[in-house]
Undergrad: 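Let me begin by handing over the structure; questions about it come next.
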Amino acid sequence: MATRGGPNIVTDGLVWGVDYASPKSYPGSGTSVSDIVKNVADGDILSFGSITGDSYTTDFNGGITRTSTSSNTRTSTSNINNSSPVTFDATAGDVAFSLECVWRPSGFASDTYFGLENVLIAKGGFSTLNYLMQFNSSQLTFCHRSPNESLLYTDFSTTFTAGNVYHTVLTVIDDSNGDGNVIGYNNGVNLGQTNLAGDPIQPDDDGDDPFYYPAGGGTDNRMNFQGTYFTARIYNKRLSDAEVLQNYNELKDRFNI
């Protein structure tokens, strides 16, 4: 269990995880990143290290850091099809999942393109988006694409400050009738529950959507995540308040949250 983030990290329902400070996930050099759970193929850090200001941090508590706003720095796993454990299709029945990240912002994107800025984790390219976790200085957001191709946003008011480390979680329940809700968490605190606007999550069905962690895009790539990205996990269930707090307590000392 320790290889998945610590001896007390919740493993029930865990289907994907990366840890840029663990040699089992990232060896500290190169561009290959491994899923510790081994459900998803290795990812690649794209356009990273060739731009002045972008750097690898290889100490135990480190991560990958992006400081240049001009480069398209992101980690991508290609060919994630709809049978993957990180893909959830509510049109096929009830689904539940949780997205979790530990990260430290160094800044906040000022430009937007369909609101897809400051993205921590995303399934699908932005033209075929399935779901994502994003933030700005005053909110945590869950976004997904509806069947009519519109983007739907669920926002949770909170505060993020450049230079601080955060543990953020989104837990989602949805079904084929369009009934669902999202709960947001920041540093172990429940930010509330919000309905999903009545539309099911409907992944693109071409079986070839990428998976980004962290993500980026938009005009001149200015919407890329800016800061240091430490760990991320996906669960195929809704984490409870107690489980979110368990993970937060396990990680807070390690990352000085």
Side-chain angles (χ1 to χ4, degrees), residues 1 4-20 36-37 61 63 85-86 88 90 95-105 108 115-123 130-144 152-174 180-197 201 212-215 225 227-257:
M1 292 184 183
R4 296 184 180 183
N8 296 315
I9 289 292
V10 175
T11 57
D12 179 35
L14 181 63
V15 293
W16 174 86
V18 297
D19 184 337
Y20 288 94
I36 292 177
V37 188
N61 290 331
V86 301
F88 310 92
V95 297
F97 62 95
S98 301
L99 310 176
E100 177 189 70
C101 294
V102 177
W103 53 287
R104 180 175 60 213
F108 304 91
L116 299 174
E117 76 283 0
N118 301 313
V119 177
L120 289 166
I121 188 168
K123 168 63 174 63
N130 302 167
Y131 57 82
L132 62 78
M133 175 192 283
Q134 67 183 131
F135 67 95
N136 61 31
S137 61
S138 61
Q139 64 189 29
L140 175 68
T141 295
F142 174 73
C143 173
H144 72 279
L152 302 177
Y153 298 91
T154 307
D155 300 323
F156 299 92
S157 295
T158 189
T159 300
F160 298 115
T161 303
N164 291 342
V165 181
Y166 297 96
H167 172 259
T168 52
V169 178
L170 294 170
T171 69
V172 183
I173 286 181
D174 206 357
N181 59 71
V182 186
I183 300 175
Y185 299 83
N186 186 19
N187 290 348
V189 177
N190 186 319
L191 302 175
Q193 176 178 302
T194 305
N195 290 338
L196 271 180
I201 300 163
Y212 298 113
Y213 44 97
F225 166 70
T228 302
Y229 194 84
F230 297 106
T231 70
R233 276 175 286 275
I234 293 180
Y235 293 83
N236 64 0
K237 70 171 192 175
R238 162 163 278 176
L239 292 173
S240 67
D241 285 2
E243 288 174 320
V244 171
L245 191 60
Q246 177 179 331
N247 281 2
Y248 167 71
N249 286 331
E250 176 67 16
L251 295 165
K252 66 179 183 180
D253 290 337
R254 178 184 173 194
F255 294 110
N256 297 317
I257 299 174

Undergrad: Checking Tyr185 against Asn190 for the side-chain contact (heavy atoms from CB on, under 4.5 Å) test, could you report, in this order, the C-alpha distance in whole Å, the side-chain angles of both residues, the deciding distance, and whether it holds?
TA: CA-CA 5 Å; Tyr185 299 83; Asn190 186 319; 3.8 Å; yes

Undergrad: Can you tell me how far apart CD (Gln193) and CG (Asn181) are? Round to the nearest 0.5 Å.
TA: 3.5 Å

Undergrad: Evaluate the criterion side-chain contact (heavy atoms from CB on, under 4.5 Å) for residue pair Thr158 and Val189; output intermediate values, then yes/no.
TA: CA-CA 10 Å; Thr158 189; Val189 177; over 6 Å; no

Undergrad: Between Ser98 and Thr171, what is the shortest heavy-atom contact and its length?
TA: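 Taking every non-hydrogen atom into account, OG-CG2, 3.3 Å.
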
Undergrad: If you measure only the distance, is there a donor-acceptor pair under 3.5 Å linking the side chains of Asn256 and Arg104?
TA: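 There is no such pair (donor and acceptor under 3.5 Å, judged by atom type) between the side chains of Asn256 and Arg104.
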
Undergrad: So, the side chain of Tyr166 versus the backbone of Thr161: is there a donor-acceptor pair under 3.5 Å, distance only?
TA: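 Looks like yes, one N/O pair under 3.5 Å.
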
Undergrad: If only side-chain N and O atoms count, and only distance matters, is there a donor-acceptor pair under 3.5 Å linking Tyr235 with Asn247?
TA: yes

Undergrad: Compare every heavy atom of Pro105 with every heavy atom of Asn164, then report the nearest pair and how far apart it is.
TA: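 Result for this residue pair: O-CD, 3.2 Å.
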
Undergrad: First locate atom CD1 of Ile183, then atom CG of Asp241, and finally report the distance between them rounded to the nearest 0.5 Å.
TA: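 Result: 6.5 Å between the selected atoms.
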
Undergrad: Working to the nearest 0.5 angstrom, can you tell me the gap between Ile9 CD1 and Gln246 CD?
TA: 7.5 Å

Undergrad: Counting N and O atoms only, with roles assigned by atom type, does the side chain of Thr194 sit under 3.5 Å from a partner on the main chain of Val182, one being a donor and the other an acceptor?
TA: no

Undergrad: So which atom in Val37 and which in Gly17 form the shortest heavy-atom distance, rounded to 0.1 Å?
TA: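 Scanning both residues completely, I find the closest heavy atoms to be CG2-N, 3.8 Å.
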
Undergrad: Distance check, rounded to the nearest 0.5 Å: Leu196 atom CG versus Phe142 atom CZ?
TA: 6.0 Å

Undergrad: Strictly distance-based, threshold 3.5 Å: is any side-chain N or O of Asn187 a donor or acceptor partner for the main-chain N or O of His167?
TA: yes

Undergrad: What's the verdict on side-chain contact (heavy atoms from CB on, under 4.5 Å) for Tyr153 and Gln134, showing C-alpha distance, side-chain angles and the deciding distance?
TA: CA-CA 10 Å; Tyr153 298 91; Gln134 67 183 131; 3.4 Å; yes

Undergrad: Do Asp155 and Thr141 pair up side chain to side chain, a donor and an acceptor below 3.5 Å, judged on atom types alone?
TA: yes

Undergrad: Nearest 0.5 Å, what's the NZ-CG distance between Lys237 and Asp12?
TA: 3.5 Å

Undergrad: Which heavy atom of Lys123 sits nearest to which heavy atom of Val86, and what is that distance?
TA: CG-O, 4.3 Å

Undergrad: Please check this pair: side chain of Asn118 against backbone of Phe135, looking for a donor-acceptor N/O pair closer than 3.5 Å.
TA: yes

Undergrad: Assess the residue pair Phe156 and Thr168 against the criterion (side-chain contact (heavy atoms from CB on, under 4.5 Å)); give the C-alpha distance rounded to whole Å, side-chain angles, the decisive distance to 0.1 Å, and a yes or no.
TA: CA-CA 11 Å; Phe156 299 92; Thr168 52; over 6 Å; no

Undergrad: Are the aromatic rings of Phe160 and Trp103 close, with centres under 6.0 Å apart?
TA: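 When the ring centroids of Phe160 and Trp103 are compared, they turn out to be within the sub-6.0 Å range.
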
Undergrad: Calculate, to the nearest 0.5 Å, the distance between atoms CG and OH belonging to Leu170 and Tyr131 respectively.
TA: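 The OH atom of Tyr131 is 11.5 Å from CG of Leu170, to the nearest 0.5 Å.
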
Undergrad: Shortest non-hydrogen contact from Asn186 to Thr159?
TA: ND2-O, 3.8 Å

Undergrad: Is the closest side-chain heavy-atom distance between Ile257 and Phe230 below 4.5 Å?
TA: no

Undergrad: Any donor and acceptor pair, going by atom type alone, linking the side chain of Tyr229 with main-chain N or O of Leu120 inside 3.5 Å?
TA: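 Looks like yes, one N/O pair under 3.5 Å.
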
